[in-house]
Amino acid sequence: MYKLTHAQYFEALREDRLLGLKCLDCNACTIPPKRTCQECGSTDIEPVSLSGLGAIVTFTVVRVPPEGLDAPYVVALVALDEGPWLMGMIGNIAPGEADVKLIGKKVKVGHKVMAGMKYTAVGEGVVPLFSILDMES
Ligand SMILES: [Zn+2]
């Protein structure tokens with residue numbers, strides 16, 4: 001059984017809220033939702049609200065998009081404050097300005113509705129869209 005369904009996860013994401021699963025055995029946080037803890041495999045997990053804050057670990061500029069998306073855009077791997085890493089687009093930077101200075105920048109999660117996206121989880125057209133908080137530093 002899913003303690004946190006994908007539907008609940010995406011519904012929250014539409015309101016710019018991140019839901020995850022906290023492991024009662026090892027304390028790790030799992031996102032997006034899975035049946036078991038992504039660190040230790042325990043099924044003793046419970047839904048939690050995450051801060052939606054994190055820092056950019058690495059990023060790439062996508063120039064050849066999947067069908068339904070407009071390129072170029074910036075995709076980053078974000079280390080959430082609660083521990084797990086989550087992939088998402090970065091909304092408030094021009095792809096031409098994306099450089100190594102992005103690494104370590106603080107970001108906050110939002111969302112983007114992807115009406116035309118074909119290759120995605122069943123029936124869900126919403127993806128994480130991060131905004132950089134400290135653009136000036
Ligand atoms: Zn665990």
Side-chain angles (χ1 to χ4, degrees):
M1 273 298 294
Y2 282 92
K3 303 238 168 88
L4 172 65
T5 65
H6 284 81
Q8 290 167 329
Y9 172 78
F10 286 111
E11 203 171 290
L13 188 58
R14 277 178 194 277
E15 299 168 358
D16 296 338
R17 293 184 299 116
L18 269 189
L19 297 181
L21 290 159
K22 187 182 172 68
C23 178
L24 300 178
D25 286 330
C26 79
N27 248 6
C29 183
T30 294
I31 187 173
K34 297 183 178 65
R35 262 177 255 236
T36 59
C37 170
Q38 65 189 15
E39 291 299 324
C40 76
S42 171
T43 53
D44 211 0
I45 50 180
E46 64 177 19
V48 286
S49 286
L50 306 185
S51 64
L53 297 170
I56 295 175
V57 176
T58 189
F59 70 95
T60 189
V61 178
V62 176
R63 298 184 192 282
V64 181
E67 193 175 338
L69 292 189
D70 292 322
Y73 56 90
V74 181
V75 172
L77 190 59
V78 170
L80 298 174
D81 283 2
E82 291 84 0
W85 292 9
L86 183 66
M87 189 91 78
M89 293 184 192
I90 304 290
N92 62 339
I93 187 159
E97 286 163 23
D99 62 25
V100 292
K101 289 197 289 279
L102 282 185
I103 291 170
K105 290 268 192 212
K106 295 288 291 176
V107 295
K108 184 168 186 17
V109 79
H111 77 281
K112 182 174 172 66
V113 175
M114 314 290 295
M117 198 155 78
K118 271 185 128 173
Y119 306 103
T120 181
V122 189
E124 301 296 347
V126 56
V127 296
L129 176 73
F130 290 99
S131 298
I132 298 166
L133 296 175
D134 53 348
M135 284 299 282
E136 301 311 311
S137 60

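Both counts, for ligands and for their atoms, begin at 1 and track the order of listing.
Not a single donor-acceptor pair under 3.5 Å links the side chain of K112 to the backbone N or O of G88. Not a single donor-acceptor pair under 3.5 Å links the side chain of T60 to the backbone N or O of V75.
Salt-bridge formation is not detected for the pair K108/D81: no Lys NZ or Arg NE/NH1/NH2 atom is positioned less than 4.0 Å from an Asp or Glu carboxylate oxygen.
Within the model, atoms CD of E39 and SG of C29 stand 10.0 Å from one another, a figure rounded to the nearest 0.5 Å. Rounding to the nearest 0.5 angstrom, the gap separating the NZ atom in K106 from the CD1 atom in I132 is 13.0 Å.
If you count the protein N, O or S atoms nearer to the Zn ion (ligand 1) than 2.8 Å, you get 4.
Applying side chain to side chain contact (heavy atoms under 4.5 Å, CB included) to P47 and the options T5, L19, L21 leaves one that passes, L21.
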